[in-house]
Amino acid sequence: MFGFEAIIAHDGLGISVIGITIVFVSLILLSFAVSQIHKLIELLDKKNTSYQRVKKTQQKDQKTPSVSDLAIPQDVQRASRQFKLLIEWMGEPFSLPKLLYLSGKCGLSRPHSTINELLKCELIIPDENGYFIWNTRVEEKRSST
Amino acid sequence: MSTDIQTLKSLDLFADLNFGELEQIAPLMHLMKVTEREVLTRRGEPASTFFIILSGNFMLSFNKERSFTLHNKGNIIGLSTVVAPFRYTGTAVALTDGLVLLMQGQEFLRLVQSNSALGDTIMRKINEIVLERMPYMTGTWGKGDINCLALKQ
Amino acid sequence: MTDLFMEFLSNTGFALVDYRNIIMLLVGIIIVYLGVAKQYEPLLLVPIGFGILIGNIPIIKDFGLGIYESGSFLNYVYYGVTHDIYPPLIFLGIGALTDFSTMLARPVLMLLGAAAQIGIFTTFLGALAIGFPPNEAASIGIIGGADGPTAIFLTAMLAPRLIGPIAVAAYSYMALVPVIQPPIMRLLTTRKERLIKMEEPREVSKREKIIFPIVGFLLCCFLAPAALPLLGMLFFGNLLKECVVVERLAKTARTSLIDIVTILLGVTVGASTQADVFLTRQSIGIFALGAFSFAIATASGVIFAKIMNLFLRKKINPLIGAAGVSAVPNSARVVQMVGQKEDPTNFLLMHAMAPNISGVIGSAIAAAILWSFMSL
């Protein structure tokens, strides 16, 4: 048997209608009971419920562009010359992942931590568009001191 | 190894939570040492874990080699674990040795199921960070229209 | 000695294998791959996938190895499936894990969970129409409840032969919720409706959360006594969680217990999925009807939410109707995702948990009703 014949023969419509009705009735009754629970509790306690919303505004870190006053370690100074050459070859603004990749290919030692030092000393700074530039202001300040 | 509540309280993501809520989160966060050059996430892979930096420095790179670096305690990596598209949108590499806290995506889902208000609070904070980072993913800079910031799948 | 060796060889899997074993082993590998590499519901698909591998190794019959052979290890473990022991234990863990407060805060959202169960009964009719007998049609229909333990619970009672394909279908579609639901949700709602921001739910007191499982259990089981094993355990688990004084028990229920049972259930359901049942036209019908069931359940929830909005002063975002399918919390997360695509500041997750949870209750009641009718 197939199609409507099968549905009618097995009382499918009846089962489905009664079934979904019972599901709805059960959840309607449950939702009604739930909606009364808290009122009942309030009545028993004779208390008003209240709740607070706590909002805190988060302050974003303010980046103040300034020339770093940190002294640049000797090994970083050496590495900075090598990275500067690489950056000049790549052109500015440059991609930091690409700089990392090329510095590794060129055999520069520990390019990851060196780049981190250059970032810390602000010799490399973001251009706010997802790329980076060499900070000539820091370099000029170093050479003038 | 799970982490202690004081450490969690010091993180921006959990700063607003009370002791009870932090107690629920603590067993889900695990400490992990990271070494220089280690890759935490790869762009395009299913996002199953998110990381919170305790120490160390990291670079996140996105589409078209856009990138930014994270150096502060409390910065988060792997946000796509809890928000769409549930695939890592960036590659995260450790620039130096460090320590991170990690939470598995499945554990976060369990947290949402067991305390949906807490899950909601955390997700809102994560969403703020996602919106800040959206320009790196999409390449659309300086546009304040919310439609441009809608999360893409 | 040669004879002994030849006899040994004739009993190895290489001698006994046929093409159907190979196909089923490939199915098992694919399911493991989906769980591990694609991370589709790995907690379920990895045990099921490996179980399929276990159950489809060619072995000699009557050697006490197969899952259907009395006295075998797998047979003993399978007892928990065939005698409906595992599904209620999983529901115990779900109850101990789930926060019901969003549902308690706005009880009217429970009706969305009820509406989604229309998918079950519609599919039941569809299965009857294409020639399945009533007990099998009921087991297929329950796939639309998007609840693996409920599907296994009912199928073990009504159509134990089909546990394998029905369980694989149910869990696979639960994993595919983020794929199946969004297009249906977008089709049935306007952009204006998707942008509706819902009022934050009221705070629910601890006493409400403790009273609810008792009231809920009594009410549901008086109306549908056959739901006693599932809903009894669900509400018991929730009481363990909320009353706080038995936190150790609650923690065990939602961690170790549910994980142990999931392993045993997954492996044995997988092992019971054998070629003679899985590689048939019936299985194709089951998978097709399962997808249909999911789609109807999603659509019913969304449409019902739109209907409710005609009468409600405080409008609800109709997207949350899709969370009435009881894949907790995945379908709530899908609602969040679809809502955020329209407006990144619209947080629907918490609101969607309400119909998500009531869907679990609704699908258990639906299963109980079908079981009652089929047993008459």
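Proteins get letters first, then strands, A, B, ... in listed order; numbering begins at 1 in each.
- Residues passing the salt bridge (Lys or Arg N to Asp or Glu O under 4.0 Å) test with A:E5, sequence neighbours excluded: none.
- With a threshold of 4.5 angstrom between heavy atoms, C:I130 approaches chain A through N, CA, C or O but not through any side-chain atom.
- Under a 3.5 Å cut-off, the side chain of A:E122 and the backbone N or O of A:L118 do not form any donor-acceptor pair.
- Of the possible donor and acceptor atoms, one in the side chain of C:D99 sits under 3.5 Å from a partner among the backbone N and O of C:S101.
- Residue pairs meeting the ring-ring contact (aromatic ring centres under 6.0 Å, His included) criterion with at least one member in residues 356-376 of chain C, sequence neighbours excluded, are C:F153-C:W371.
- For a residue to count as touching a neighbouring chain, one of its non-hydrogen atoms must lie under 4.5 Å from one of that chain's; by this rule C:A115 touches chain A with backbone and side chain alike.
- In this structure, the portion of C:L219 lying under 4.5 Å from any heavy atom of chain A is its side chain and not its backbone.
- Between A:E117 and A:K120 there is a salt bridge, since at least one side-chain N of the basic residue sits less than 4.0 Å from a carboxylate O of the acidic one.
- With a 4.5 Å cut-off on non-hydrogen atoms, C:I120 does not touch chain A at all.
- Under a 3.5 Å cut-off, the side chain of C:S363 and the backbone N or O of C:V360 do form a donor-acceptor pair.
- Between chain C and the residues A:A6, A:S26, A:S35, the most heavy-atom pairs under 4.5 angstrom are made by A:S26.
- Close placement of the C:F212 and C:F100 rings is indicated, their centers lying within 6.0 Å of each other.
- Both the backbone and the side chain of A:L13 come within contact range of chain C, with heavy atoms under 4.5 Å apart.
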Please assess A:H38 against C:R202 for the test side-chain hydrogen bond (donor to acceptor under 3.5 Å, both in side chains), listing each intermediate value before the final yes or no.
CA-CA 11 Å; A:H38 80 273; C:R202 67 173 177 89; 3.2 Å; yes
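- Near-neighbour residues of residues 298-317 of chain C relative to chain A, defined by a heavy atom under 4.5 Å from a heavy atom of that chain, comprise C:F304.
- Contacts of C:R106 classified as salt bridge (Lys or Arg N to Asp or Glu O under 4.0 Å), with partners at least two apart in sequence or in another chain: none.
- Interface remark: C:L128 contributes backbone and side-chain atoms alike to the contact with chain A (heavy atom separation under 4.5 Å).
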